[in-house]
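Working notes, beginning with the structure itself.
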2 protein chains.
Amino acid sequence: MRIGQLAARTGLTTKTIRFYESAGVLPAPARRPSGYRDYDEDAVDRLAFVKAAQAAGLSLAEIREIITVRASSGAPCQHVLTLLDSHAADLDRRIAELTALRADVERLRSRAGILDPATCSPAAVCQVIPADVVARHVPTT
Amino acid sequence: MRIGQLAARTGLTTKTIRFYESAGVLPAPARRPSGYRDYDEDAVDRLAFVKAAQAAGLSLAEIREIITVRASSGAPCQHVLTLLDSHAADLDRRIAELTALRADVERLRSRAGILDPATCSPAAVCQVIPADVVARHVPTT
DNA sequence: CTTGACCTTCCAGCGCAGTGGAAGCCCTAG
DNA sequence: CTAGGGCTTCCACTGCGCTGGAAGGTCAAG
């Protein structure tokens, strides 16, 4: 099938499919004499995997790596599990950070009621956002 | 004071300070005859505000807008509160998304034990990541 | 006078996952 | 024969917050 039909069947754009090929997550397909790409059914499965892996939070670089492992040393399950674990840990960290930030934003909000706008200095712009929030949200990333 | 000293006092780099000026979050300072930037104490306060607002999750574009409001119509407290509210709502959404993703990653992990690597098709790469995760993590962003 | 630290400008690139557009070929229907 | 829709390549751009480097000016110490 040509790229347009593959796009229709997978819900991606032709642009994205070509980009995935260049990104190494979709093998270069056969070509017709005209130069048109000619895909088989495997391409549909592969793109389904790419979408699923993205939905699971993996980057294209990680997906490419999984595919490489699969091609060179068989089933990449162990590698995938390691990746998933490290992503779960990342997610836990991010969730904790965002939750802390959420609490701090709430704190600023409720504290704002007792402030007098007249006491804001122009250089400091707005005392609703005080300097001490920096200390609580240090370079975590 | 010159830019190097301002950088030392704020913990930023000279590059970043010039970038902030071009981004409109720090006013252009006076210049010495040599062309060197010459900052006053207000610059320290301003950069403290920028850092604090960043730590509170605001983008430079939002910070610039707050500063513009401040310059044109006085204390921007109401504007800042609106921004904080909308950011709190964003954070709630992001946290919910990440939490759902975290649960799904966990689900994949624990389900992986009962899979036979031999039943993975090469095109689908790895059945640890099944197509149905896509449905649960639809285009949310 | 020279060295070196500091400053100036401008231009380029990072990572990420695409998206947009231009110039041109292929193929079929009318 | 022409129009159109599809396909090809390549290059540039998006958003975000910087960071790096080149080429050159300034200033104080030795």
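In what follows, chains are A, B, ... by sequence order, proteins preceding strands, each numbered from 1.
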(request) Give a yes/no on whether any side-chain N or O of B:Arg32 is located under 4.0 angstrom from OP1 or OP2 of D:dT26. (result) no

In whole angstroms, the gap separating P of C:dT8 from CG of B:Leu6 amounts to 11 Å

Between B:Thr14 and A:Arg2, the residue closer to the 5' end of DNA chain C by nearest nucleotide is B:Thr14

Per nearest nucleotide of DNA chain C, the residue lying toward the 5' end, A:Pro33 or A:Ser59, is A:Ser59

Are any of A:Ser34's side-chain N or O atoms less than 4.0 Å away from OP1 or OP2 of D:dT8?
no

Determine whether a donor-acceptor pair (one donor, one acceptor, N or O, separation below 3.5 Å) exists between the side chain of A:Tyr36 and the base of D:dT8. no

| OP1, OP2 of D:dC7 versus side-chain N and O of A:Arg37: anything below 4.0 Å? | no

- prompt: Mind checking whether A:Leu108 and A:Pro130 have side chains closer than 4.5 Å, heavy atoms only?
  reply: yes

Rounded to whole Å, CE of A:Met1 lies from P of D:dG6 at a distance of 17 Å

Closest of C:dT9, D:dT19, D:dG17 to the B:Arg31 side chain is C:dT9

Task: In one Ile/Leu/Val/Met/Phe/Trp/Tyr side-chain cluster, 4.5 Å: B:Tyr36, B:Phe19 - done: no

Of the listed D:dC7, C:dA17, C:dC7, the closest approach to the B:Arg18 side chain comes from C:dC7

May I ask you to decide if B:Met1's main-chain N or O and B:Asp38's side chain share a donor-acceptor pair within less than 3.5 Å?
yes

Testing D:dT9, C:dA17, D:dC18 for proximity to the side chain of B:Gln54, the answer is D:dC18

From CZ of B:Arg64 across to C1' of D:dG15 the rounded distance in Å is 12 Å

Check whether A:Arg111 reaches the backbone of A:Val128 with its side chain - one donor and one acceptor, N or O, closer than 3.5 Å. yes

note: B:Ile17, atom CD1; C:dC7, atom P; distance rounded to Å ~ 9 Å

- Is the phosphate of D:dT19, meaning OP1 or OP2, less than 4.0 Å from a side-chain N or O of B:Thr16? yes

- Message: Using only atom types and a distance under 3.5 Å, with no angle test, would you say the side chain of A:Thr10 pairs donor to acceptor with the backbone of A:Leu6?
- Response: yes

Whichever of A:Lys15 and B:Gly35 has the more 5' nearest nucleotide on DNA chain D, that residue is A:Lys15

Given the structure, check if the side chain of B:Tyr20 and the base of D:dG17 hold any donor-acceptor pair shorter than 3.5 Å. no

Ranking D:dC7, D:dT19, C:dA17 by distance to the side chain of B:Phe19, first place goes to D:dT19

